Amino acid sequence: MNLNFRFSALLCAILLLFTTSALQAARKPKFSKKDQLVTISTSLGDIKLVLFDATPKHKANFLKLAESGFYNGTTFHRIIPDFMIQGGDANSKDDDPTNDGAGQPNAPTIPAEIRPEFKHKFGALAAARQGDFVNPERASSSSQFYLVQNHRGVSHLDGQYTVYGQVISGLDVLDKIAAQPKNERDRPLTDIKMTVKVEKLKKKKIAELYGYQY
């Protein structure tokens, strides 16, 4: 066989291997050593949570709203002991308590990111949404969320709503909020307003401070 031909074939094989490796590396998601720690501050204490990378649309949306100040002044407008506490509706900023939870007209939704590994356990962060009869795709509200307060979890909701985060500190605050006096519509008699802050920390630091394992 011609030596030049063999060399050219070898060179082509090397280039092909290099190109394939480069493409595979480009497709592989970048691993970050840092994460965003979210703090929801209320008059009853602070709730700290992390958001899951495996639900990127929900994570990006929540962080965008939190960092813009959207959630500041909204309330936990619906509380059900041994179930969950719900908040994040812009309507809860106004003076009309009857529209809390109704959401904004024509508000966008987020495509469902329901993953089997994320369960409705104690402290899970999940997206509220309209019912299946008007929302068969199970798309999420663009802002309203709930935190599971039942210590045993609420497994009957698994696979139906997008779970996209987990409380890692302040679980007792969920209990305090859920225990507040409320009316027949499950709205607290006293507004439980929130302020939401986002800070970027090393994952190692979050693990050290709160015992959360990535």
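Note that the coordinates shown come from a computational prediction; the quantities given were computed from them, not determined experimentally.
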K.L.:
Which distance, rounded to the nearest 0.5 Å, do you find between the CG of L37 and the CD1 of I168?
P.N.:
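L37 CG to I168 CD1: 5.0 Å, rounded to 0.5 Å.
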K.L.:
Do E199 and Q36 meet the criterion of a side-chain donor-acceptor pair at a distance under 3.5 Å?
P.N.:
no
K.L.:
Under a 4.5 Å side-chain heavy-atom rule over Ile, Leu, Val, Met, Phe, Trp and Tyr, are I40 and L201 clustered together?
P.N.:
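Not linked; separate clusters.
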K.L.:
Report yes or no: do D82 and Q149 form a side-chain donor-acceptor pair below 3.5 Å?
P.N.:
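Short answer, no.
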K.L.:
Identify each donor-acceptor pair in which a side-chain atom of residues 156-165 lies under 3.5 Å from a protein atom, sequence neighbours left out, and give them as a table.
P.N.:
from: D158; atom 1: OD1; to: H120; atom 2: N; distance (Å): 2.8
from: D158; atom 1: OD1; to: H120; atom 2: ND1; distance (Å): 3.0
from: Q160; atom 1: NE2; to: H156; atom 2: O; distance (Å): 2.6
from: T162; atom 1: OG1; to: E113; atom 2: N; distance (Å): 3.0

K.L.:
According to a hydrophobic-cluster definition based on side-chain heavy atoms being under 4.5 Å apart (Ile, Leu, Val, Met, Phe, Trp, Tyr only), do L65 and I47 belong together?
P.N.:
yes
K.L.:
Which atom pair, heavy atoms only, marks the closest approach of A207 to Q213?
P.N.:
CB-NE2, 4.5 Å
K.L.:
Both conditions, 6.0 Å and 45 degrees, for the charged tip of K93 above the ring of F70: are they met here?
P.N.:
yes
K.L.:
Which heavy atom of V167 sits nearest to which heavy atom of L49, and what is that distance?
P.N.:
CA-CB, 3.8 Å
K.L.:
Check whether L171 and M84 end up in the same hydrophobic cluster, where Ile, Leu, Val, Met, Phe, Trp and Tyr are linked by side-chain heavy atoms less than 4.5 Å apart.
P.N.:
no
K.L.:
Which heavy-atom pair separates R129 from S140 by the least distance, and what is that distance?
P.N.:
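Heavy-atom minimum between the residues: CB-CA, 4.0 Å.
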K.L.:
Identify the heavy atoms of P97 and D95 that sit nearest to each other, and give their distance.
P.N.:
CD-O, 3.3 Å
K.L.:
Once side chain to side chain contact (heavy atoms under 4.5 Å, CB included) is applied, do any residues pair with A107, and if so which ones, sequence neighbours excluded?
P.N.:
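Residues passing side chain to side chain contact (heavy atoms under 4.5 Å, CB included) with A107: Q104, S142.
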K.L.:
In the structure I gave you, are the side-chain heavy atoms of S155 and K119 within less than 4.5 Å of one another anywhere?
P.N.:
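Heavy-atom side-chain distance check fails, nothing below 4.5 Å.
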K.L.:
Drop me the distance from D100's CG to R78's CZ, to the nearest 0.5 angstrom.
P.N.:
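Going from CG on D100 over to CZ on R78, the span is 12.5 Å.
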K.L.:
Would you compute the distance between atom CD1 of I114 and atom CZ of R138 and round it to the nearest 0.5 angstrom?
P.N.:
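Answer for the CD1-CZ pair, I114 versus R138, is 6.0 Å.
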K.L.:
Which ring-ring contact (aromatic ring centres under 6.0 Å, His included) pairs, counting each pair once, include a residue from residues 90-118, with sequence neighbours left out?
P.N.:
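Applying ring-ring contact (aromatic ring centres under 6.0 Å, His included) to every pair that reaches into residues 90-118, excluding sequence neighbours, yields F52-F118.
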K.L.:
Determine, stepwise, if the pair V154 / K121 fulfils side-chain contact (heavy atoms from CB on, under 4.5 Å).
P.N.:
CA-CA 6 Å; V154 285; K121 63 182 183 179; over 6 Å; no
K.L.:
With sequence neighbours left out, write down each residue that passes side chain to side chain contact (heavy atoms under 4.5 Å, CB included) with L209, or none if nothing qualifies.
P.N.:
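Only K205 meet the side chain to side chain contact (heavy atoms under 4.5 Å, CB included) criterion with L209.
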K.L.:
Can you name the residues that form a side chain to side chain contact (heavy atoms under 4.5 Å, CB included) with K34, not counting sequence neighbours?
P.N.:
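Per chain and number, K34 pairs via side chain to side chain contact (heavy atoms under 4.5 Å, CB included) with S32, K200, K202.
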K.L.:
Donor-acceptor pair, D132 side chain versus P136 backbone, under 3.5 Å?
P.N.:
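Here the side-chain-to-backbone pair does not exist.
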K.L.:
So, taking the atom named OH in Y214 and the one named CD1 in I206, what distance separates them when rounded to the nearest 0.5 Å?
P.N.:
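The CD1 atom of I206 is 3.5 Å from OH of Y214, to the nearest 0.5 Å.
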K.L.:
Do D46 and T39 have side-chain atoms, one donor and one acceptor, less than 3.5 Å apart?
P.N.:
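There is no such pair (donor and acceptor under 3.5 Å, judged by atom type) between the side chains of D46 and T39.
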K.L.:
Taking atom CZ of F83 and atom CG of N150, what is their separation to the nearest 0.5 Å?
P.N.:
9.0 Å
K.L.:
For the backbone of I79 and the side chain of K182, can you confirm whether one donor and one acceptor N or O come within less than 3.5 Å of each other?
P.N.:
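Judged by distance alone, yes, a pair lies under 3.5 Å.
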K.L.:
Mind checking whether Y146 and I80 sit in one hydrophobic cluster, side chains of I, L, V, M, F, W, Y counted as touching below 4.5 Å?
P.N.:
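Yes: a chain of side-chain contacts under 4.5 Å links Y146 to I80.
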K.L.:
Return a table of donor-acceptor pairs under 3.5 angstrom between the side chains of residues 189-198 and protein atoms on other chains or two or more places apart.
P.N.:
from: D191; atom 1: OD1; to: R187; atom 2: NH1; distance (Å): 3.4
from: D191; atom 1: OD1; to: R187; atom 2: NH2; distance (Å): 2.7

K.L.:
Report the distance from atom CG of L44 to atom CD1 of I177, rounding to the nearest 0.5 Å.
P.N.:
5.5 Å
K.L.:
What pair of heavy atoms forms the shortest contact from V148 to L174, and how long is it?
P.N.:
O-CD2, 3.4 Å
K.L.:
Using a 3.5 Å distance criterion without hydrogens, assess whether the side chain of T42 forms a donor-acceptor pair with backbone atoms of G45.
P.N.:
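Such a contact is found between T42 side chain and G45 backbone.
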K.L.:
Could you tell me whether a side-chain N or O of S92 sits under 3.5 Å from a main-chain N or O of T75, the two making a donor and an acceptor?
P.N.:
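Pair found, side chain donor or acceptor close to backbone of T75.
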K.L.:
Please report the shortest heavy-atom distance between D53 and K203, naming the atom on each side.
P.N.:
OD2-NZ, 4.0 Å
K.L.:
Say whether, by atom type as modelled, one donor and one acceptor occur between the side chain of Y71 and the main chain of S143 under 3.5 angstrom.
P.N.:
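Yes, the answer is positive, given that a donor and an acceptor are paired below the 3.5 Å cut-off.
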K.L.:
Between the main-chain N or O of Q130 and the side-chain N or O of N135, is there a donor-acceptor pair closer than 3.5 Å?
P.N.:
yes
K.L.:
Taking side chain as C-beta onward, heavy atoms only, is L51 less than 4.5 Å from L125?
P.N.:
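Yes, their side chains come closer than 4.5 Å.
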